Amino acid sequence: KIYWDYIYTTPAKELDYWKDTNRFPKALDYVKDGDKFIDIGCGVGIPSRLVKRMRKDCEVWGVDLSESVINKNKSEEPDIRFEQGCVGNLDNLPKNYFDVVFAGELIEHLDDPSVLFNDAHRILKKGGKLIVTTPQNDGVISPEHLWYFNKDDVEDMYFNAGFKNLEFVDLPDMEHILVFFTVGVKGGGVQCLKQ
């Protein structure tokens with residue numbers, strides 16, 4: 001928490017870092033007007049802000065461990081519901097409520113990444129989608145990364161939490177080499193689709 005409070009005291013750097021990513025615009029392909037969308041580990045709220053701007057009829061939420069970034073987000077974006085909270089302790093979020101859960105570059109920082117998948121399964125409606133992005137293998141080395149995942153690791157976390165129809169989406173440019181962009185469905189069929 002102290003680390004992330006420090007990182008988010010310079011949101012301009014955070015915004016610059018993510019400005020050229022294809023991950024956030026790609027997530028929009030899975031969000032329909034009227035959906036209830038939540039970004040877990042929202043940081044400065046880039047995906048939440050993008051969804052609210054591009055899908056105006058969506059109910060948009062953002063959750064982060066850092067109370068300081070949540071307070072800043074609330075003051076800048078009053079139409080988005082920002083809440084302070086951490087993975088594994090999200091009992092205040094409604095069950096079976098959201099259409100889309102997004103968790104970008106989060107699971108590699110968690111002591112137990114599988115907890116995120118269980119939290120998401122609990123708060124998603126049947127048929128709702130969980131979008132997770134994370135570095136592939138050791139393609140992105142960082143001192144705050146606790147885990148490096150291969151494709152089988154990611155599949156196992158989705159399926160063990162009860163997700164179906166897992167899709168690995170190829171991102172444009174070099175991102176498809178560095179990052180997994182995955183989408184799983186709560187309560188879908190049993191076929192696993194891989195791209």
Side-chain angles (χ1 to χ4, degrees), residues 4 8 11 14-15 18-19 21-67 69-107 109-110 113 115-134 154 157-158 161-169 171 175 179-188:
W4 291 108
Y8 295 138
E14 181 78 5
L15 291 169
W18 291 110
K19 71 179 178 184
T21 183
N22 294 297
R23 300 188 276 286
F24 302 150
K26 186 62 171 171
L28 280 174
D29 292 347
Y30 297 89
V31 182
K32 302 184 307 286
D33 282 328
D35 276 353
K36 293 178 176 78
F37 171 91
I38 187 167
D39 180 6
I40 298 177
C42 67
V44 297
I46 298 169
S48 302
R49 295 169 198 244
L50 182 63
V51 169
K52 192 62 180 174
R53 188 171 66 247
M54 303 303 290
R55 306 283 189 267
K56 297 190 185 317
D57 294 332
C58 286
E59 181 181 326
V60 180
W61 295 47
V63 174
D64 199 273
L65 175 66
S66 170
E67 188 174 0
V69 81
I70 289 299
N71 290 336
K72 185 171 179 25
N73 288 344
K74 283 180 178 180
S75 69
E76 294 175 353
E77 296 287 344
D79 293 336
I80 298 174
R81 183 168 176 177
F82 286 103
E83 301 282 338
Q84 194 271 331
C86 63
V87 172
N89 192 17
L90 298 175
D91 296 335
N92 59 323
L93 298 178
K95 288 183 182 179
N96 304 310
Y97 186 77
F98 294 97
D99 299 288
V100 179
V101 171
F102 180 82
E105 274 59 42
L106 173 64
I107 61 172
H109 301 280
L110 301 175
V115 174
L116 176 274
F117 292 83
N118 294 327
D119 281 349
H121 195 274
R122 183 184 65 79
I123 65 175
L124 277 167
K125 296 176 182 174
K126 184 176 181 183
K129 298 173 190 74
L130 170 61
I131 302 169
V132 171
T133 66
T134 191
V154 175
M157 286 185 286
Y158 270 99
F163 288 93
K164 307 293 181 195
N165 296 347
L166 181 59
E167 179 183 5
F168 284 83
V169 178
L171 295 167
E175 274 185 278
V179 176
F180 289 121
F181 183 106
T182 55
V183 183
V185 177
K186 177 180 177 176

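Note that the structure is predicted; figures quoted are calculated from it, not measured.
- Counting heavy atoms from C-beta on, the side chains of V132 and F163 never come closer than 4.5 Å.
- To the nearest 0.5 Å, the span separating CG on L28 from CG on L50 amounts to 4.5 Å.
- Here the straight-line distance linking atom CD of E67 with atom NZ of K72 works out to 15.0 Å at 0.5 Å rounding.
- Closest approach of G62 and I38 over heavy atoms only: N-CG1, 4.5 Å.
- Proximity of a side-chain donor or acceptor of R122 to a complementary backbone N or O of L90 within less than 3.5 Å is detected.
- Within the 3.5 Å criterion, the main-chain N or O of V44 finds a donor-acceptor partner in the side chain of R49.
- To the nearest 0.5 Å, atoms CG (L106) and OG1 (T134) are separated by 8.5 Å.
- In terms of heavy-atom proximity, V183 sits nearest to Y158 at N-OH, 3.9 Å.
- Within the 3.5 Å criterion, the main-chain N or O of C58 finds a donor-acceptor partner in the side chain of K52.
- D119 contributes a side-chain N or O that, together with a main-chain N or O of G88, makes up a donor-acceptor pair within less than 3.5 Å.
- In this structure, the side chain of R55 engages the main chain of V31 through a donor-acceptor pair within 3.5 Å.
- Residues M157 and P113 are in side-chain contact: their nearest non-hydrogen atoms beyond the backbone lie under 4.5 Å apart.
- A heavy-atom distance below 4.5 Å is not found between the side chains of F82 and V69.
- Judged by distance alone, the side chain of T133 and the main-chain N or O of E105 form a donor-acceptor pair under 3.5 Å.
- Side-chain atoms of I123 and Y97, non-hydrogen and from C-beta on, never get closer than 4.5 Å to each other.
- For D99, the side-chain contact (heavy atoms from CB on, under 4.5 Å) partners at least two apart in sequence or on another chain are D35, K36, K125.
- Using a 4.0 Å cut-off between charged nitrogen and carboxylate oxygen, K26 and D29 count as a salt-bridge pair.
- Atom CG of D39 and atom CZ of F102 lie 6.0 Å apart (nearest 0.5 Å).
- Between D64 and C42 the shortest heavy-atom distance is OD2-N, 3.4 Å.
- Nearest heavy atoms, C86 versus L65: CB-CD1, 3.7 Å.
- N73 places no side-chain N or O within donor-acceptor distance of the main-chain N or O of R81, the cut-off being under 3.5 Å.
- Within the model, atoms CZ of F37 and CZ of F98 stand 10.0 Å from one another, a figure rounded to the nearest 0.5 Å.
- Atom CG of D33 is separated from atom CE of M54 by 10.0 Å, given to the nearest 0.5 angstrom.
- Taking the side-chain contact (heavy atoms from CB on, under 4.5 Å) definition, one finds that P78 meets it with nothing, sequence neighbours left out.
- Closest of all the heavy-atom pairs between I70 and V63 is CD1-C, 4.3 Å.
- Contact between A103 and L116 at its shortest, heavy atoms only, is CB-CD1, 4.1 Å.
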